[in-house]
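Structure first, commentary second.
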Amino acid sequence: MADGDENDEYAGNGEPAWPSDDRDAASGPPGNSERLTNELPVPKVTAAEQPTLWVRKPDPAPPAQPARPQWQPRPAQPRRPPAPARPPAQAPPGPPSNQPNQPNPASQPNQRPRVEIRPASGHAQPMRIEPTGEQRPAPARPPEPAPPPRQAPRQPAQQQQPQQQPTQVQQQSAQPAEPEPAPPAEPRRRRRGPVLGGLALLLVVAVGVVLALPDVSNRLGLPWAPNAPQGDPPEPIAVTRDLSGPSAAAPAPTPAGVAAVLDPLATDPALGTFGGSVIDPASGTVLWERDASRPFTPASTVKLLTAAAALLSLDHGRQLPTTVVEGPEPGSVTLVAGGDVTLSSLPEGQNSVYPGAAHLDQLVAEVKQATGGDVSEVRLDLGAFSGPVTGEGWDPGDAPSTFAAEVQPAMLDGGRSDPTDEHSMRVADPAGELARELADRLGAEVADPVTTSAPEDARVLGEVHSAPVTELVDQLLLSSDNLLAEAVARQVAIAEGAEPSFAGAAQATLDVLSRNGFDVSGVQLADASGLSTKDKASAAALNEVLAVAAAPGGDDPRTAKLRPMLGGLPVAGGSGTLSSRYTEPPAAEGRGWVRAKTGTIPASGVNSLAGLVVDADGRVLVFSLMSSGSQTEAGRAALDAMPAALRGCGCR
């Protein structure tokens with residue numbers, strides 16, 4: 001086939017359209033009239049031979065980008081008479097002529113490239129395809145299926161070509177074919193659709209898995225969340241940010257109602273000898289009494305009297321000082337004690353058992369700055385306290401012990417060996433231990449003797465201060481700190497002009513309470529902590545102080561001063577010395593509703609409890625319960641049951 005023939009046997013896409021079912025015109029050459037084109041003789045080929053493949057030779061210019069050819073149907077053409085035969089001729093290579101209806105391969109990028117077919121010999125042999133443009137070699141593909149038969153007539157042509165074209169092409173290519181490279185592989189299109197679909201599916205699955213996680217579904221409030229509400233949300237209610245205490249307008253209990261609850265409990269044999277009192281502080285009414293004026297050994301409940309005297313006589317913001325002044329000799333310094341037994345040995349930023357305590361490191365830093373670090377000797381001035389270091393009626397094993405130490409005006413961490421453990425053993429000489437620690441941190445030595453009296457006009461090198469009095473009162477009540485109670489009571493003595501000793505502090509406490517209108521005629525004090533068995537107090541005396549502190553109105557000036565002491569009372573089952581109590585019935589009903597100061601001396605069979613409770617109607621009641629001759633655990637349980645019973649009733 002010559003390039004540029006008009007009546008070629010190709011569709012518009014370059015696919016061969018021969019043989020077909022079209023009939024040639026009767027005017028064809030003799031012997032071919034009314035014969036079908038598909039009846040023309042076709043050379044027989046053996047199994048080793050291949051049929052002739054008709055393709056169109058492409059432009060010499062290589063395509064910009066190889067594309068996978070696609071078969072397109074050939075437009076319908078009218079039938080035409082067969083063209084007269086012409087002698088076979090060798091078609092010169094070159095681009096096709098621009099004849100009418102002649103497709104231009106360069107302008108149709110989707111057409112199959114045209115190549116020439118050359119037989120290997122003169123007879124039927126497997127053909128080699130010689131590409132005319134530069135293409136990359138690729139493995140051969142099986143031949144594509146023949147296009148469907150043409151249904152429309154061919155377009156008229158100016159020239160015709162005989163039906164024996166296959167024979168002509170074979171004759172033209174009779175010369176041996178030169179070895180040619182394999183046809184180029186057509187580039188394969190990436191199948192992005194399935195990949196993107198798979199990624200989308202994985203994304204959907206991942207999102208579904210994440211949303212199914214309980215934490216995620218709960219946080220987003222999804223319907224399948226484990227914590228999703230099972231019903232409609234509750235209606236919003238009005239709230240106020242103002243704190244308010246129990247109302248004095250709540251229904252008031254009656255003496256008969258309280259007696260009906262407490263009388264059976266007061267006869268419990270576990271209590272031994274018992275006395276008690278219950279008062280409604282809103283009205284001042286005594287609701288119940290049992291031997292309320294009888295003196296008992298109060299044990300640690302006497303700290304209520306110590307705290308009340310301190311709050312009534314001292315400035316609530318007062319802080320106890322610890323000062324270092326210049327000593328009598330060059331390079332010497334003297335620590336002047338001010339009664340602060342809470343000075344912390346821990347570094348700045350760490351808390352001991354006394355929150356808000358001053359730190360020795362701060363004092364050392366100030367002294368070093370003032371002296372340039374030139375300190376060779378340390379002394380102590382302990383003149384702030386006087387008298388014996390242990391109280392009358394104390395057990396010999398009380399100091400040192402886990403709950404007490406010698407009462408001295410300066411020490412570290414309340415004399416504890418472990419500053420973070422309130423139950424750790426106290427040291428035998430807490431002031432001497434402080435002197436040694438101060439000297440060590442200053443790089444100095446402890447003087448011998450260590451005690452001295454510093455001149456009043458000595459130059460101050462450094463000074464630190466304790467927490468305020470109100471916080472010290474909280475701490476001595478909450479953890480029933482005996483040593484801190486003794487130190488605070490001596491501040492009362494100093495304020496009252498009394499001797500800062502056991503005796504002077506006891507007397508100053510009674511004087512302050514009496515001056516403020518409290519009946520202390522039956523009260524005897526040998527110390528401020530309650531360790532002494534010489535102490536005596538009645539339930540009525542303790543309850544009177546509590547009633548004033550818990551009074552609802554502001555009419556009584558004493559109430560404003562005493563109110564902070566209620567905040568230091570341990571909470572039943574929650575804090576301080578009541579943290580492990582009120583856990584079992586019947587006392588468990590008072591858990592969280594009872595606040596009280598405890599008192600116990602196991603060797604003497606002493607148990608006491610004094611504080612307040614909120615009853616079922618929201619009314620505050622104060623109580624003082626005291627016993628002697630009882631077993632420790634059984635007596636405690638019997639006392640705990642009484643305020644718990646008040647919590648459970650309106651007692652009307």
Side-chain angles (χ1 to χ4, degrees), residues 258-278 288-304 393 395 397-398 401-403 423 477-480 482 529-533 535-540 542-543 546 569-613 621-649 651:
V258 174
V261 172
L262 296 184
D263 283 347
L265 300 176
T267 59
D268 190 334
L271 293 173
T273 303
F274 173 79
S277 170
V278 176
W288 182 82
E289 285 185 333
R290 177 67 63 89
D291 287 339
S293 298
R294 182 172 181 168
F296 284 86
T297 301
S300 284
T301 54
V302 81
K303 293 183 175 72
L304 292 172
D395 187 275
D398 287 346
S401 67
T402 59
F403 48 85
H423 301 295
L477 291 174
L478 183 65
S479 38
S480 197
N482 297 304
S529 60
L531 281 177
S532 176
T533 57
D535 294 334
K536 299 296 177 183
S538 65
L542 297 178
N543 224 21
L546 287 171
L569 295 176
V571 177
S575 65
T577 55
L578 282 182
S579 60
S580 60
R581 292 166 65 168
Y582 285 84
T583 59
E584 301 292 335
E589 191 164 357
R591 183 182 180 90
W593 296 101
V594 175
R595 303 192 69 151
K597 182 68 196 78
T598 59
T600 304
I601 301 179
S604 303
V606 171
N607 275 299
S608 56
L609 189 68
L612 59 89
V613 61
L621 305 178
V622 296
F623 60 87
S624 293
L625 310 172
M626 312 181 76
S627 68
S628 63
S630 64
Q631 296 295 321
T632 300
E633 295 301 325
R636 284 178 175 176
L639 289 177
D640 291 347
M642 299 179 77
L646 292 176
R647 164 60 196 164
C649 80
C651 302

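Here the structure is a predicted model, which means the values were calculated and not measured. Note that these values count all heavy atoms, side chains included, but never hydrogens, waters or copies made by symmetry. Counting begins at 1 with the first residue of the sequence.
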Quick one: does [X]'s side chain get under 4.5 Å of [Y]'s, heavy atoms only?
X      : Y      : value
Trp593 : Val571 : no
Leu262 : Phe623 : no
Phe403 : Ser479 : no
Lys597 : Leu609 : no
Leu304 : Leu477 : yes
Val622 : Val278 : no
Thr598 : Ser300 : no
Arg290 : Phe274 : yes

With rounding to the nearest 0.5 Å, note down the distance linking [atom1] in [X] to [atom2] in [Y].
X      : Y      : atom1 : atom2 : result
Leu639 : Leu271 : CG    : CG    : 5.5 Å
Leu625 : Ser608 : CG    : OG    : 9.0 Å
Thr583 : Arg591 : OG1   : CZ    : 6.5 Å

If I compare all heavy atoms of [X] with all of [Y], which pair ends up nearest, and what's the gap?
X      : Y      : result
Ala537 : Met626 : O-CE, 3.6 Å
Pro643 : Val613 : O-CG2, 3.7 Å
Ala641 : Leu265 : O-CD1, 3.8 Å
Gly397 : Ser401 : O-CB, 3.3 Å
Gly530 : Ile601 : O-CD1, 3.9 Å
Thr533 : Ser604 : CG2-OG, 3.9 Å

**OP:** Output every pair passing salt bridge (charged side-chain N to carboxylate O under 4.0 Å, His left out) with a member in residues 571-581, not counting sequence neighbours, ordered by first then second residue.
**Re:**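 Qualifying pairs, neighbours excluded: Arg581-Asp640.
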Subject >> Check against side chain to side chain contact (heavy atoms under 4.5 Å, CB included), Ser624 and Leu546 >> reply: CA-CA 9 Å; Ser624 293; Leu546 287 171; 4.1 Å; yes
Original post:
Any sub-3.5 Å donor-acceptor pair from Asp398's side-chain atoms to Asp395's backbone N or O?
Top reply: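 Answer holds: yes.
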Original post:
Does the pair Leu478 and Ser575 meet the rule for a side chain to side chain contact (heavy atoms under 4.5 Å, CB included), with working shown?
Top reply: CA-CA 8 Å; Leu478 183 65; Ser575 65; 3.7 Å; yes
Subject >> Stepwise side chain to side chain contact (heavy atoms under 4.5 Å, CB included) test for Leu542 and Thr301 >> reply: CA-CA 8 Å; Leu542 297 178; Thr301 54; 3.8 Å; yes
**OP:** Verify side chain to side chain contact (heavy atoms under 4.5 Å, CB included) between Arg647 and Tyr582, making sure each step is shown before the conclusion.
**Re:** CA-CA 12 Å; Arg647 164 60 196 164; Tyr582 285 84; over 6 Å; no
Enumerate, atom names and distances included, each donor-acceptor pair closer than 3.5 Å involving a side-chain atom of residues 291-298, sequence neighbours excluded.
residue, atom, partner, partner atom, Å
Thr297, OG1, Lys536, NZ, 3.0

**OP:** Determine which pairs satisfy side chain to side chain donor-acceptor pair (under 3.5 Å) with at least one residue from residues 267-277, sequence neighbours left out, and list them in order.
**Re:** Ser277-Asn543
Original post:
Between the side chains of Asn607 and Ser630, is a donor N or O closer than 3.5 angstrom to an acceptor N or O?
Top reply: yes
Original post:
What's the verdict on side-chain hydrogen bond (donor to acceptor under 3.5 Å, both in side chains) for Ser529 and Lys303, showing C-alpha distance, side-chain angles and the deciding distance?
Top reply: CA-CA 6 Å; Ser529 60; Lys303 293 183 175 72; 5.3 Å; no
